[in-house]
Amino acid sequence: MNIDFVSLKAFLTVVDTESIRAASENLNLSISAVSRRISELEIEFGQQLFTRHSRGVEITEAGRLLAAHTRDTFAALDLMCSDMEKLKAGDIGRVMISANGSALVNGLARHIGEFLDTHPNVAIDLQEQLTPDILQHVANGSADIGFLSNTMRLPEGVTTFPYRSDKLVLAVSNTHALAELESVRFSQMLEFQIIGVSETSSLTRLLRKVGGMANSGFSYSYMASTNEIARTMVANNLGIAVLPEKFVAPYTRMLPIRAVPIAEEWASREISMAVRSGEDIAGPARTFFEWIKASPQCDTDTLPSN
């Protein structure tokens, strides 16, 4: 149908003023221009929209129906424009986040919950993944922001910024020979069966790197798929495991395990936010990013700005 919004606006103005002359003055159009647009609408719909008389115009049944639909149309357009502005400002929309378990237990899960409480019109799609997968998703754009352990070489096109710190501990059973130590070093772990967590995880790669630098001939005795499974294996005396502290310390009262501090520099990791390099973070992702900037332990000085 050959209908434009100017004609519909002229039509509604005539409806509201009950006068083509008054509508022309309101719209700053000539009387003939308003009359022509009304006539074009009547031709388009094949029905008379007004009854003309000396005192002005009177709307017909067809006119009342068209007026109702036109008001709905303009209301939808106003909502569309408003939502587009809100999306641009980051007040509505969806944020794609990819995060590893360490980030989630070190504050990210709580931060997401608090963010959603204060931004009810923003939705967050969250995927828990290993660091290599997080980097890939950020690089290819399927994740807006990634949260990961910054222990791996970054792929081209990805930049990271500090978010939180993550301390690694040695998880041992309460009856293990290392359980009573104040702290432990990597060389002391090598005497026992060591449980790893996922061959491709950043933690597994870190320990292999530490073992290689120490020329220790380090190898894993078992490989668990998650930190939780590794923790269960430790509790059942199947070995020891280097795990993030937040996956061990809260469970020492429920399970027969202990978190022994590791007295070496590599046991302190940095949890970082990853974004695509050279791209402005926009919309709701920007809103979330700015919100995270204000969180404790987040290095705001090195984060990108608008």
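A pairwise comparison of heavy atoms in L238 and Q193 identifies O-OE1, 3.7 Å as the closest pair. Looking at every heavy atom in both residues, A235 comes nearest to L255 through CB-CB, 4.4 Å. Scanning both residues, P244 and R269, for their nearest heavy atoms gives CG-NH2, 3.8 Å. When every heavy atom of S102 is checked against every heavy atom of F247, the shortest pair comes out as N-CE1, 4.0 Å.
Contact of the K209 side chain with the R205 side chain is not registered, since no non-hydrogen atoms from C-beta on lie closer than 4.5 Å. With contacts defined as side-chain heavy-atom distances shorter than 4.5 Å, the pair L130/S198 qualifies. Looking at heavy atoms from C-beta onward, L8 lies in side-chain contact with L41 at the 4.5 angstrom threshold. The side-chain heavy atoms of F161 and I292, taken from C-beta on, include no pair separated by under 4.5 Å.
A salt bridge links E199 with R208: the distance from a Lys NZ or Arg NE/NH1/NH2 to an Asp or Glu carboxylate oxygen falls below 4.0 Å. Using a cut-off of 4.0 Å between Lys/Arg side-chain N and Asp/Glu carboxylate O, R231 and E228 are scored as not salt-bridged. Looking at R21 and E25, no side-chain N of the basic residue comes within less than 4.0 Å of a carboxylate O on the acidic one, giving no salt bridge.
One finds the OG1 atom of T13 at 12.0 Å from the CD1 atom of I20 (value rounded to the nearest 0.5 Å). In this structure, CE in M96 is found 11.0 Å from CD1 in I124, a value given to the nearest 0.5 Å. Taking CG from N100 and OG from S272, the interatomic distance works out to 10.0 Å, rounded to the nearest 0.5 Å. A distance of 5.5 Å separates CG of L104 from CG of L126, quoted to the nearest 0.5 Å. The NZ atom of K246 sits 4.5 Å away from atom CG of N106, with the distance rounded to the nearest 0.5 Å. One distance of note links OG of S219 with CG of L190; it measures 9.0 Å at 0.5 Å rounding.
Side-chain N or O atoms of R276 include one that pairs as donor or acceptor with a backbone N or O of A143 at under 3.5 Å.
Counting heavy-atom neighbours within 6.0 Å of E18 CD, excluding the residue itself, gives a total of 12 or less. Atom CE of M223 is surrounded by more than 12 heavy atoms from other residues, nucleotides or ligands within 6.0 Å. Around atom CG of N28, no more than 12 heavy atoms belonging to other residues, nucleotides or ligands sit under 6.0 Å away.
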For this session: Evaluate side-chain contact (heavy atoms from CB on, under 4.5 Å) for T287 paired with V122, printing each intermediate quantity in order.
Result: CA-CA 9 Å; T287 299; V122 176; 5.5 Å; no
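Transitive grouping of hydrophobic side chains (ILVMFWY, heavy atoms separated by less than 4.5 Å) brings Y220 and M189 into a common cluster. In the hydrophobic clustering of ILVMFWY residues, with side-chain heavy atoms under 4.5 Å counting as a link, L12 and L79 come out apart.
Aromatic ring orientation, F50 versus F11: tilted (interplanar angle from 30° to 60°). Relative ring orientation between F5 and F74 is described as tilted, the plane-to-plane angle lying within the 30° to 60° band. Below 30°, between 30° and 60°, or above 60°: for F218 and F186 the angle between ring planes is between 30° and 60°, a tilted geometry.
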